Number of protein chains: 2
Amino acid sequence: MMLETLGPTNPPPHRPALPGLDGVAPQIREAILARGQRNRVPSGQPLYRQGSPARRCYLVASGRLKLVKLHEQGKEAVFRYIGPGEITAVVAVFKEKAYPLTAVAIGDTQVVGWDRPTFMALLREYPELALHLLQVAVERLDEVQTRYLELNAEQVQQRLARALLRIMKHSGRRTPDGILIDFPLSRQELADYTGTTLYTVSRTLSAWEKNGWVASGRERITVTDPHTLVKFSETGETD
Amino acid sequence: MMLETLGPTNPPPHRPALPGLDGVAPQIREAILARGQRNRVPSGQPLYRQGSPARRCYLVASGRLKLVKLHEQGKEAVFRYIGPGEITAVVAVFKEKAYPLTAVAIGDTQVVGWDRPTFMALLREYPELALHLLQVAVERLDEVQTRYLELNAEQVQQRLARALLRIMKHSGRRTPDGILIDFPLSRQELADYTGTTLYTVSRTLSAWEKNGWVASGRERITVTDPHTLVKFSETGETD
DNA sequence: ACGTGTCGTTGCGCCGGCGCAAACAGGCCG
DNA sequence: CGGCCTGTTTGCGCCGGCGCAACGACACGT
């Protein structure tokens, strides 16, 4: 077991041992996975880079990927943290395009990759796959649109609450103290996810810690009072 | 001709008479269109509403739809203006969900609609359709992500420039004075599209009009100096 | 022509949150 | 153990842009 360098990257317990493509019939899934190439990405390394030609798409087998989009003038936006069973870079299947964003490994990560011709063949061979991907794409579109609306209608603190809860639901683990986000997450990264600065995140988390809503340490956050935080994320009001 | 109440809604000249689903083979397209129901939406009326159960998806045959997402506390975000040949509300095909946004007609608009079972059958019958939709979804996802990043990294004026150019490319018409956006577009709508307020839009357009970059009237905008505007939209600098 | 309603413009004051700077905290290595 | 590196905290000043309010401009109906 050499994957343990960064703490537990435990897959949620309900997932299968060889994870992937939830929502596709098992035997088809096996056939599809068999045609891909396994690949290991060390922690912190990019799997693919925004701007470089998109030749392959990937499925996370174990570990976690952070999907970020960079802006010329320095800023960057974090769109998703994806885990086992989730797919990324479907753009690669169409045309000769560039990756629209960058995927970097959070903790040691294993992926399965397909090149364009192979994946195209799979799509034609298994229409179910195309339907599954369409559904995923539509869901993600909805999520980004929701976040766009929030970014332009809500105050920073409200967005930060939503961000914490969203990440918590997707990657949280129950502990005695509350729900722990089980991968290293810095103030800067939360700021990039929320659309603000690390200063504001820091100040806000400090305040919430005084309120007893969260407990936090270096790159480590536990939500101790989810209920109150949910209420705040919906109303934007402390009361 | 009773459609002329709101000015010309001329389809781009290169589109076919019965428009739709660019990118799908013509005979398949005909078969698909034949299975849908035509429907007319008067100017200003909603085709479907955010929050109500999503039972049908639609293709624009003629006219134009504005896709908006509303926020509880009053604000709203405009995501797209779609025209002939473009599809919307693909969510309706999966599960029993609610529409994630509202579509309202800009000018008198004709659409073709399919209910869930019919469209599902079509998807299974014509795998090419699913692939086309997947591609469209991925493209839109990319666009929204791009706009999200801009919203959180760029100043209002820069975003406004990008918005104008984007709408111009998609719905512009050449005139002697420059490129005219050929549907009524108020300051408020531009603000909702850009993520700002009508005040700021008004001030900015006034300034640009002094510079000779645009000419504008009541719900009517012409880009007179696209080149300079493009440069500004990329650098954010006047020089 | 005149009233009315809708949309656009602009002056002004205010504030959320950015961002520099400086100090602090914890993990890691020699 | 002490130094170092990286992440975090907090004080403080500044400013982009919001939003009220008041006015102006244009389109339309009768």
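Nothing here was measured: the structure is a model prediction, and the numbers come from that model. A, B, ... follow the sequence lines: proteins, then strands. Residue 1 opens every chain.
Dashed line: the shortest gap from a side-chain N or O of Ser206(A) to OP1 or OP2 of dT8(D) is not under 4.0 Å. Distances shorter than 4.0 Å separate some side-chain N or O of Gln155(B) from OP1 or OP2 on dG17(D). In this model, the phosphate group of dG7(D) is not approached by any side-chain N or O of Gln188(A) to a distance below 4.0 Å at OP1 or OP2. Phosphate proximity of dG17(D) to Thr196(B): absent, as no side-chain N or O sits under 4.0 Å from OP1 or OP2.
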Heteroatom pairs (N/O) under 3.5 angstrom, protein to nucleotides 19-29 of chain D:
from	atom 1	to	atom 2	distance (Å)
dG19(D)	O6	Arg203(B)	NH2	2.5

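Crowding of Gln45(A) atom CD: a count of heavy atoms from other residues, nucleotides or ligands under 6.0 Å exceeding 12.
The CD atom of Glu189(A) sits 14 Å away from the C1' atom of dT8(D) (whole-angstrom rounding). Atom CG of Asn152(B) is separated from atom P of dG17(C) by 14 Å (rounded to the nearest Å). The CD atom of Gln157(A) sits 11 Å away from the P atom of dC18(C) (whole-angstrom rounding). Rounded to whole angstrom, the span from the CZ atom of Arg187(A) across to the C1' atom of dC24(C) amounts to 14 Å. Note: CG (Leu198(A)) to P (dA25(C)) measures 18 Å, nearest angstrom. If you measure from atom CG of Leu190(B) to atom C1' of dT9(C), you get 15 Å, rounded to the nearest angstrom. Atom pair Gln73(B):CD and dC18(D):C1' shows a separation of 15 Å (rounding to whole Å applied). As a whole-Å value, the separation of Asp192(A) CG from dG7(D) C1' is 14 Å.
Using a 3.5 Å distance cut-off with no hydrogens or angles, the side chains of Glu209(A) and Ser216(A) do pair a donor with an acceptor.
Using bins of under 30°, 30° to 60° and over 60° for the plane-to-plane angle, the ring pair Tyr99(B)/Tyr48(B) lands in the parallel bin.
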message: What verdict does the salt bridge (charged side-chain N to carboxylate O under 4.0 Å, His left out) test give for Arg80(B) and Glu143(B), after you've listed the backbone C-alpha separation in whole Å, the side-chain angles of each residue and the deciding distance to 0.1 Å?
response: CA-CA 10 Å; Arg80(B) 309 178 57 80; Glu143(B) 190 190 316; 2.9 Å; yes

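Remark: Glu237(A) does not engage Lys231(A) in a salt bridge, criterion side-chain N to carboxylate O under 4.0 Å. Under 4.0 Å is where a charged nitrogen must lie from a carboxylate oxygen, and between Glu150(B) and Arg166(B) at least one such pair does.
You'll find that the side chain of Ser202(A) is closest to dT9(D), out of dT9(C), dT9(D), dC7(C).
With rounding to the nearest 0.5 angstrom, the CD atom of Gln145(A) is 8.0 Å from the CG atom of Leu67(B).
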